[in-house]
Amino acid sequence: MKIATFNINGIKARLQALTDWLEEARPDVALLQEIKSTDENFPAAHFEGLGYHVAAHGQKSFNGVAILSKPEMADIRRGLPGDEADEQARWIEATVQGAQGPLRICGLYLPNGNPVPGPKFDYKLAWMDRLHDRAQELLAAEAPALMAGDYNVIPQDKDARNPEAWTDDALAQPESRAAFRRILNLGFTDAVRACHPRADIYTFWDYQAGAWNRDHGIRIDHVLLTPQAADRLTDCGIDRDLRGGDKPSDHVPVWVELDI
DNA sequence: ATGTCGTAACGTTTACGA
C-alpha cells in the first residue's frame, strides 16, 4: 500500500497539479495539508471521480487537512484531542484495511510557530505536547499506524541546506526539535531517514529568493511509523520534481510503501 | 527588492499567514 503526504498550499490553486500527480503517482492514500477550504467547498466529487473516498477537516481560508483513500475509511476522527477550545483544523485520522490487516492513518499540519517568541510559538509547543499524548496512545495499541504530514520541524541541521538561515525560525528552535525527538523516541521510525540516510533530502523550498533554483530546501514533511508499521516498510521517496512543475506548491509529496 | 504565493474582502488593493 502506497501512502503519501502532500502539503498542497490551497486546493483551489492546486487542483490541476494535484490531479496530475495523483494520476501519475497513484497513491492508495493521500494525506493533504493546507487545503485552505471549508468541508463544503472541498471538491470531494472530483476526487471520487478519480476513485478516492474523501474525508476532509477544513476551515475558511487557512489550515485544513484531508484524506483521499482508495480503500474505504472507517472510524474517521477529526481534530487533535486534548484541547476542546482549539478551532484550528490540523488533524484527521482514519483506519483503512490492507490485504493483511488494518492500518491506522493520521494526517497532520503542525503549527508553524513564527515569530519566536510569542503566542504562536507557545501554541506550537502546546500542540506538540498533545501530539505526544496521541502518539503514545497509538503505540500502546501495538498495531500498524502512521502519523504523516507537515511537521514544520527541521529535525537536525543536516535537514537544511543552509541551517544558519533558520537559527531564529520556529522550525529549527531547540524546543521544537526536542519536542519532535521526544515523540520520535517513544518508538517511531522516521521513514524517510530509514530509507535515505544521506543529508541532502528536502521537502520544502520557499517561493522567495530563488530557493528552488538554488536548492535551498528543508526537510519538514515527515512520515512516522509505529514499530508494527515500520516492520512492513519496503520503500519510500520524495517526488521533488513537482517543485519544478507548473503552479507548484512550496512542498512536494513524501510517500512510503508498506507491505500490508 | 523586506525578493513569492494563496486566500478573502469594505476588492482593481490591502492584510494576513506562511
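Computation of the quantities below employed the complete heavy-atom set of this structure, encompassing side-chain atoms and omitting hydrogens, waters and symmetry-equivalent molecules. Reminder, nothing fancy here: chain letters follow the sequence lines and each chain counts from 1.
Rounded to the nearest Å, the gap between the C1' atom of B:dC10 and that of B:dT4 is 26 Å. Using atom P as the reference point in both B:dT2 and B:dA18, the two lie 23 Å apart (nearest Å). Across B:dT12 and B:dA1, the matching P atoms stand 29 Å from one another, rounded to whole Å. Across B:dC16 and B:dG11, the matching C1' atoms stand 15 Å from one another, rounded to whole Å.
Taking the six-membered ring wherever Trp is involved, the centroid distance between the rings of A:Y109 and A:Y151 does not fall below 6.0 Å.
Taking atom CZ of residue A:R14 and atom C1' of nucleotide B:dT4, one finds them 12 Å apart after rounding to whole Å. Distance CG (A:D168) to P (B:dT2): 18 Å, rounded to an integer number of Å. In this entry the distance linking CG of A:N213 with P of B:dG3 reads 17 Å, nearest Å. Atom CG of A:D246 and atom C1' of B:dC5 are 15 Å apart (whole Å). The interatomic distance linking A:K247 (NZ) with B:dT4 (C1') rounds to 13 Å, in whole Å.
Residues passing the salt bridge (charged side-chain N to carboxylate O under 4.0 Å, His left out) test with A:D20, sequence neighbours excluded: none.
Classification of A:R134 and A:E93 as a salt-bridged pair holds, one side-chain N sitting under 4.0 Å from a carboxylate O. A salt bridge links A:R193 with A:D159: the distance from a Lys NZ or Arg NE/NH1/NH2 to an Asp or Glu carboxylate oxygen falls below 4.0 Å. Using a cutoff of 4.0 Å between basic side-chain nitrogens and carboxylate oxygens, A:R104 and A:D75 are scored as salt-bridged. Between A:D221 and A:R219 no salt bridge is recorded (no basic side-chain N to carboxylate O distance below 4.0 Å). Using a cut-off of 4.0 Å between Lys/Arg side-chain N and Asp/Glu carboxylate O, A:K124 and A:D122 are scored as not salt-bridged. Between A:R240 and A:D215, at least one side-chain N (NZ, or NE/NH1/NH2) sits under 4.0 Å from a carboxylate O, which counts as a salt bridge.
Remark: the A:N9 side chain and the A:Q33 side chain contain no N/O donor-acceptor pair separated by less than 3.5 Å.
Taking for each of A:G10 and A:A209 the nucleotide of DNA chain B with the nearest heavy atom, the 5'-most of the two is the partner of A:A209.
Among the protein residues, A:I8 comes within range of no part of the nucleic acid, since none of its heavy atoms lies under 4.0 Å from any strand.
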**Item:** Sugar-phosphate or base contact per nucleotide [nucleotides 9-18 of chain B; S, B, -; heavy atom under 4.0 Å]
**Value:** S-------SS
**Prompt:** How would DNA chain B look in dot-bracket form, 5' to 3', counting Watson-Crick and G-U wobble pairs with both distances under 3.5 Å and writing | for bases paired to another strand?
**Reply:** ...((((((...))))))
